[in-house]
J.: 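Could you have a look at this structure, given as structure tokens, before my questions?
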Amino acid sequence: MKFSVLTLFPEQVKNFLSESIIGRAMEKDILSIDCIDIRDFSGNRYGKVDDTLFGGGTGMLMQCEPVFQAFSSLYDASKETKPHCVFMSPKGQVLSQKKAQELAKYDHLVILCGHYEGIDQRVLDEIVDEDVSIGDYVLTGGEVAACVVIDCISRMIDGVLPNSEAYEEESHMSGYLEAPQYTKPNIWHDKKVPEVMLSGNHAKIKEWKRIHGLYDTWKRRPDMLEKLEISAEDWQKILKIDKEDS
Ligand code: ADE
């Protein structure tokens with residue numbers, strides 16, 4: 001999969017994504033992430049890409065033409081269809097695992113990052129397919145949000161993680177949170193790893209994880225549980241954990 005990030009701060013995005021799992025996936029050519037500096041398309045000697053707002057207001061707005069030229073440099077409009085373009089914005093649909101799965105289907109995804117007061121609406125109307133937010137708060141720019149989106153999508157792409165189970169069993173994939181996990185030693189600070197985890201009985205372990213995942217969801221994110229249909233039998237098991245815990 002190919003990501004193209006249109007930004008005024010390409011180094012910020014590159015530095016974050018060149019490390020660890022994503023960095024290794026790029027080395028293996030499973031992913032490519034190009035960061036395009038919008039300033040290179042300023043059309044002036046100073047690299048100026050912003051101006052004051054019509055109608056008043058503080059701050060500066062990124063202008064249409066540099067953003068449009070940067071986007072246009074990514075494909076040949078006479079031969080290729082326009083790549084899917086996501087604008088990082090607090091006004092967008094909030095990122096979820098489902099949204100990331102949807103975006104993972106594109107071969108080429110362009111991620112546009114705004115800065116200052118934002119970007120002139122006219123170029124957004126022309127090139128952007130959808131706005132995506134990473135939460136109900138405002139950041140200084142879209143770069144950190146773009147890194148979050150790319151990280152979240154990348155780990156679902158074949159070959160990035162060692163196997164698909166590595167992410168399929170995780171929080172949010174199934175609609176509920178992941179159960180607690182344990183590693184050696186068996187006892188630490190007098191705390192024991194739950195016995196079932198040492199039993200080698202895979203069916204029992206799977207069931208323990210499922211019920212404890214549901215229990216944690218009920219305790220931490222009851223809003224997520226509302227979207228699931230929990231059977232009476234499962235509720236009994238969840239309430240039993242609650243009794244044991246209290
Ligand atoms: N840019 C500024 N704030 C943002 C947010 N919450 N999500 C995505 N992009 C942003």
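Counting starts at 1 for both ligands and their atoms, in listed order. Starting from 1, each residue takes its place in the sequence as its number.
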J.: For the pair D107 and M1, evaluate side chain to side chain contact (heavy atoms under 4.5 Å, CB included) and give the outcome as yes or no after the intermediate values.
T.: CA-CA 5 Å; D107 293 329; M1 178 164 184; over 6 Å; no

J.: Is the shortest distance from a Lys or Arg side-chain nitrogen in E207 or K204 to a carboxylate oxygen in the other one below 4.0 Å?
T.: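 Result for this pair is no, no salt bridge flagged.
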
J.: For the pair R24 and E27, find out whether any cationic side-chain nitrogen is under 4.0 Å from an anionic carboxylate oxygen.
T.: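 Salt bridge: no.
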
J.: Any chain of hydrophobic side-chain contacts (each under 4.5 Å) joining V94 to V132?
T.: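 Unlinked, V94 and V132 end up in two clusters.
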
J.: Answer yes or no: is there an ion pair linking E126 with R122, defined by an N-O contact shorter than 4.0 Å?
T.: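 No salt bridge links E126 with R122.
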
J.: Under the ring-ring contact (aromatic ring centres under 6.0 Å, His included) test, which residues partner Y215, sequence neighbours left out?
T.: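 Partners of Y215 by the ring-ring contact (aromatic ring centres under 6.0 Å, His included) criterion come out as none, since no residue qualifies.
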
J.: Every pair of nitrogen or oxygen atoms between ligand 1 and the protein that is under 3.5 angstrom apart - can you list them with their distances to 0.1 Å?
T.:
unit_1   : atom_1 : unit_2 : atom_2 : d
ligand 1 : 3 (N)  : L139   : N      : 2.9
ligand 1 : 6 (N)  : G135   : O      : 3.2
ligand 1 : 6 (N)  : Y137   : O      : 2.7
ligand 1 : 7 (N)  : I134   : N      : 3.0
ligand 1 : 9 (N)  : S89    : N      : 3.2

